[in-house]
Amino acid sequence: MNRFILIVDDDEIFATTLARSFALKQIQTCVALNKEQTLLAAGQQQFTDITLDLNLGEQSGLQLITQLRKLQPQANLLVLTGYASIATTVQAIKLGADNYLAKPVDSAAILRALDEDVLDFNVNETDSAEFQTMSVSRLEWEHIQRVLNEHDGNVSATARALNMHRRTLQRKLTKKPVGR
């Protein structure tokens, strides 16, 4: 069966570079740079695989997972993000993503992730050894991501819930945490 991958990413350079890399491997692709292009493509074509960026400009890729699952129930759905967190990973899988990968990533790693079995997140997060070895900055990042997820990606509501100035929260969201 021939692969046909829908690449959903607001970073046009990354998306087209990835598409070219797949083309060299004889894999057909379609690039969508926003929610509207994604839903249009998913409604018109049948894809074997979908890579979905978690942050699509002002929109969250998490909000597209359910719609993509309805339009493309057989496709392998891989969420990509430059700001991976346990909270968003678990949420993506619960919504229907098959796998989750942190950027930077190359086409070979994406193909491996698309071919892997569905991730299993039945482990109790608070009992995980990973939580016991995280740095303070990583713990803060995870907490912010959890609260952001609880407020459906709304930065203003999250800032209020965290009792933090909105601009301070925005700065923290642009920084990737150091250490585990």
(Q) With a 4.5 Å cut-off on side-chain heavy atoms, are Gln28 and Asn2 touching? (A) no

Any heavy-atom pair between the side chains of Asp53 and Asp11 that's under 4.5 Å?
no

Donor-acceptor under 3.5 Å (Gln46 side chain, Phe4 main chain) | no

Original post:
Between Asn34 and Glu36, is there a donor-acceptor pair closer than 3.5 Å when you use the side chain of the first and the backbone of the second?
Top reply: yes

Between the OG1 atom in Thr51 and the CG atom in Leu111, the distance rounded to the nearest 0.5 Å is 10.0 Å

d(Thr168 OG1, Leu162 CG) to nearest 0.5 Å is 11.0 Å

| query | Where the side chain of Arg69 meets the backbone of Gln72, is there a donor-acceptor pair that is under 3.5 Å apart? | reply | yes

Worksheet item: Is there a donor-acceptor contact under 3.5 Å from the side chain of Glu12 to the main chain of Leu33?
Response: no

Residues at least two apart in sequence or cross-chain that pass side chain to side chain donor-acceptor pair (under 3.5 Å) with Ser107, listed by chain then number, are Ser21, Lys25

Leu77 backbone acceptor or donor facing Asp98 side chain under 3.5 Å: yes

Working for side-chain hydrogen bond (donor to acceptor under 3.5 Å, both in side chains), residues Arg166 and Ser156: CA-CA 6 Å; Arg166 186 175 190 278; Ser156 296; 2.7 Å; yes

Take Ile5 and Leu114, measure what side-chain contact (heavy atoms from CB on, under 4.5 Å) needs, and give me the verdict at the end. CA-CA 10 Å; Ile5 302 176; Leu114 287 168; 4.2 Å; yes

Value for CG (Asp49) from CG (Leu78), rounded to nearest 0.5 Å, stands at 8.5 Å

Output for pair (Ile65 CD1, Leu54 CG), nearest 0.5 Å, gives 7.5 Å

